[in-house]
Amino acid sequence: MTKKRAASSTKTRPGHRPGEFIRVLISDARVKLRLKQLAKEIRRDFPTEALHLIGVLKGSVFFLTDLARELGGEVSFDFLSVSSYGSGTDSTGEVKLIKDLDVSIEGKTVIVVEDILDTGLTLKYLLRFFEEKKPKHLRVVVLLDKVERRIADVRADYTGFAIPNEFVVGYGLDFDERYRNLPDVSVLQFGSRSKAITE
Ligand code: PRP
């Protein structure tokens with residue numbers, strides 16, 4: 001599903017559909033570089049522990065798989081899927097579990113991997129859900145943090161980039177299930193081409 005996402009600069013170019021334009025906010029090279037740093041930060045905290053990554057479908061897929069390959073040491077992963085009710089562009093705070101974990105996390109060092117932290121309502125629900133399952137450690141890594149949108153009192157332990165309140169797509173993030181495959185994190189803009197072009 002799709003929520004409000006966020007952004008800053010560079011060139012606006014046509015999107016895949018009329019009236020949709022994208023501009024790169026964070027290049028894939030910057031994402032990859034930041035992932036290496038995040039992996040080091042996580043391994044600094046857990047140098048020898050087996051890490052169990054939990055990806056929240058679907059936006060976190062590329063982030064999780066790229067991060068997993070940077071982490072080194074023993075790494076396993078699992079996925080779950082949740083859905084929030086509401087208009088499709090805004091969270092109502094109600095979260096429904098669509099796909100549960102495949103394996104128990106009891107006693108494991110769990111790293112929750114999210115593509116974006118927005119209102120924080122999804123993460124708040126997930127943290128409660130995971131804590132009940134008694135992991136040894138529970139940490140959260142997010143690629144993007146849209147700080148000014150926060151409603152729930154939650155924070156990530158490791159954050160890739162703080163971003164402004166704009167609609168972002170790419171590197172796993174979608175608009176209506178499209179644009180997930182873009183390599184960069186980009187801002188999606190709507191309107192006429194002349195209005196959308198910024199330089
Ligand atoms: C995104 C993201 C988080 C959630 C964050 O998922 O992956 O799970 O929204 O929003 P919140 O902080 O306001 O709760 P989305 O519902 O867009 O699903 P998707 O990953 O399948 O695109």
Side-chain angles (χ1 to χ4, degrees), residues 1-17 20-43 51 53-72 75 77-84 88-89 91 98-99 111-120 122-123 126 139-150 154-190 196 198:
M1 63 184 282
T2 304
K3 294 223 185 77
K4 283 196 180 125
R5 306 274 162 66
S8 141
S9 69
T10 73
K11 202 184 286 177
T12 303
R13 53 195 168 97
H16 299 178
R17 298 256 175 112
E20 295 176 7
F21 301 88
I22 55 169
R23 74 181 146 88
V24 175
L25 174 63
I26 306 167
S27 69
D28 59 341
R30 280 182 69 204
V31 169
K32 296 284 159 56
L33 187 65
R34 188 72 186 111
L35 253 62
K36 288 181 193 294
Q37 295 167 341
L38 287 172
K40 275 189 189 151
E41 285 176 39
I42 294 169
R43 270 299 175 207
L51 300 176
L53 309 184
I54 296 181
V56 185
L57 293 170
K58 304 170 192 163
S60 70
V61 167
F62 299 128
F63 181 37
L64 183 144
T65 54
D66 285 344
L67 183 68
R69 285 176 288 184
E70 293 295 338
L71 278 167
V75 173
F77 49 78
D78 200 352
F79 293 93
L80 92 172
S81 180
V82 292
S83 168
S84 32
T89 54
S91 285
I98 303 293
K99 180 211 168 295
I111 313 282
V112 181
V113 182
E114 267 282 31
D115 53 335
I116 189 164
L117 184 50
D118 190 338
T119 63
T122 306
L123 185 59
L126 288 174
R139 300 288 186 272
V140 177
V141 59
V142 299
L143 180 66
L144 307 172
D145 187 353
K146 206 189 271 187
V147 184
E148 66 190 83
R149 288 265 302 163
R150 194 80 79 257
V154 289
R155 51 175 288 279
D157 299 286
Y158 312 96
T159 300
F161 303 91
I163 59 171
N165 186 17
E166 292 189 80
F167 197 104
V168 288
V169 296
Y171 198 67
L173 292 112
D174 75 309
F175 169 62
D176 201 17
E177 296 299 328
R178 293 180 285 117
Y179 299 113
R180 291 193 197 273
N181 59 325
L182 295 179
D184 311 295
V185 175
S186 295
V187 175
L188 178 63
Q189 294 172 316
F190 302 91
T198 55

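Just so it is clear, the structure is predicted and the values come from calculations on it, not from any experiment.
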**Student:** Mind checking whether I42 and L71 have side chains closer than 4.5 Å, heavy atoms only?
**Tutor:**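 Sidechains of L71 and I42: in contact.
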**Student:** Tell me which one of T65, V61, L53 satisfies side-chain contact (heavy atoms from CB on, under 4.5 Å) with V113.
**Tutor:**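 The single option meeting the side-chain contact (heavy atoms from CB on, under 4.5 Å) with V113 is L53.
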**Student:** Which atom names give the shortest non-hydrogen contact between G59 and D115, and what distance separates them?
**Tutor:**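 Reported closest heavy-atom pair: CA-OD2, 3.3 Å.
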**Student:** Check salt bridge (Lys or Arg N to Asp or Glu O under 4.0 Å) between R34 and all other residues, then give those that pass, not counting sequence neighbours.
**Tutor:**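 R34: salt bridge (Lys or Arg N to Asp or Glu O under 4.0 Å) contacts with E41.
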**Student:** Can you tell me how far CG of N165 sits from CZ of R149, rounded to the nearest 0.5 angstrom?
**Tutor:**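 The CZ atom of R149 sits 5.5 Å away from the CG atom of N165.
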**Student:** When you measure from the side chain of D28 to the backbone of P183, do you find a donor-acceptor pair of N or O atoms at a distance under 3.5 Å?
**Tutor:**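 Checked: no pair found.
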**Student:** With F63, which of L173, L143, I116 fulfils side-chain contact (heavy atoms from CB on, under 4.5 Å)?
**Tutor:**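 That would be L143.
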**Student:** Can you name the nearest heavy-atom pair linking V82 to I98, along with the distance?
**Tutor:**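 V82 and I98 have their closest heavy atoms at C-CG1, 3.9 Å.
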**Student:** Kindly compute the distance separating CG (D118) from NZ (K146), expressed to the nearest 0.5 Å.
**Tutor:**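 Here the interatomic distance stands at 4.5 Å.
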**Student:** Could you check F161 against R30 for side-chain contact (heavy atoms from CB on, under 4.5 Å), going step by step and ending with a plain yes or no?
**Tutor:** CA-CA 10 Å; F161 303 91; R30 280 182 69 204; 3.6 Å; yes
**Student:** Roughly how far, to the nearest 0.5 Å, is the CZ atom of F62 from the CZ atom of R180?
**Tutor:**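 Going from the CZ atom of R180 to the CZ atom of F62 covers 9.0 Å.
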**Student:** Just to verify, what does A156 make a side chain to side chain contact (heavy atoms under 4.5 Å, CB included) with, not counting sequence neighbours?
**Tutor:**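 Partners of A156 by the side chain to side chain contact (heavy atoms under 4.5 Å, CB included) criterion, ordered by chain and then number, come out as L117, V140, V142, T159.
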**Student:** Output all residues satisfying salt bridge (Lys or Arg N to Asp or Glu O under 4.0 Å) with K40, sequence neighbours left out; order by chain, then residue number.
**Tutor:**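 None.
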**Student:** Among residues at least two apart in sequence or on other chains, which ones pass salt bridge (Lys or Arg N to Asp or Glu O under 4.0 Å) with D145?
**Tutor:**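 With neighbours one apart ignored, the set is R150.
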**Student:** Charged N to carboxylate O under 4.0 angstrom, E70 versus K32?
**Tutor:**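 Salt bridge: no.
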**Student:** About how many Å separate CZ of R43 and CG of L51, when rounded to the nearest 0.5 Å?
**Tutor:**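 Here the interatomic distance stands at 4.0 Å.
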**Student:** Output, in order, the C-alpha distance, side-chain angles, deciding distance and verdict of side-chain contact (heavy atoms from CB on, under 4.5 Å) for V112 and V56.
**Tutor:** CA-CA 8 Å; V112 181; V56 185; 4.2 Å; yes
**Student:** Holding to salt bridge (Lys or Arg N to Asp or Glu O under 4.0 Å), I want the full list of residues that pass it with D157, two or more places apart in sequence or in another chain.
**Tutor:**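 With neighbours one apart ignored, the set is R155.
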**Student:** How long is the gap from OG on S186 to CD1 on I22, to the nearest 0.5 Å?
**Tutor:**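 So the OG of S186 and the CD1 of I22 are separated by 4.5 Å.
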**Student:** Under the side chain to side chain contact (heavy atoms under 4.5 Å, CB included) test, which residues partner N181, sequence neighbours left out?
**Tutor:**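 With sequence neighbours excluded, N181 shows a side chain to side chain contact (heavy atoms under 4.5 Å, CB included) to no residue whatsoever.
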**Student:** In sequence, state the C-alpha distance, the side-chain angles, and the governing distance for I111 and I54, and then conclude on side-chain contact (heavy atoms from CB on, under 4.5 Å).
**Tutor:** CA-CA 6 Å; I111 313 282; I54 296 181; over 6 Å; no
**Student:** Show your reasoning for whether salt bridge (Lys or Arg N to Asp or Glu O under 4.0 Å) applies to R178 and E20.
**Tutor:** CA-CA 11 Å; R178 293 180 285 117; E20 295 176 7; 3.0 Å; yes
**Student:** For a 4.5 angstrom cut-off between non-hydrogen side-chain atoms, does V31 reach D184?
**Tutor:**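 Not touching, per the 4.5 Å side-chain cut-off.
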**Student:** Roughly how far, to the nearest 0.5 Å, is the OG atom of S60 from the CG atom of D66?
**Tutor:**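 Result: 11.5 Å between the selected atoms.
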**Student:** Please check if the distance between the ring centroids of Y179 and F167 is under 6.0 Å.
**Tutor:**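 They do not qualify: ring centres at least 6.0 Å apart.
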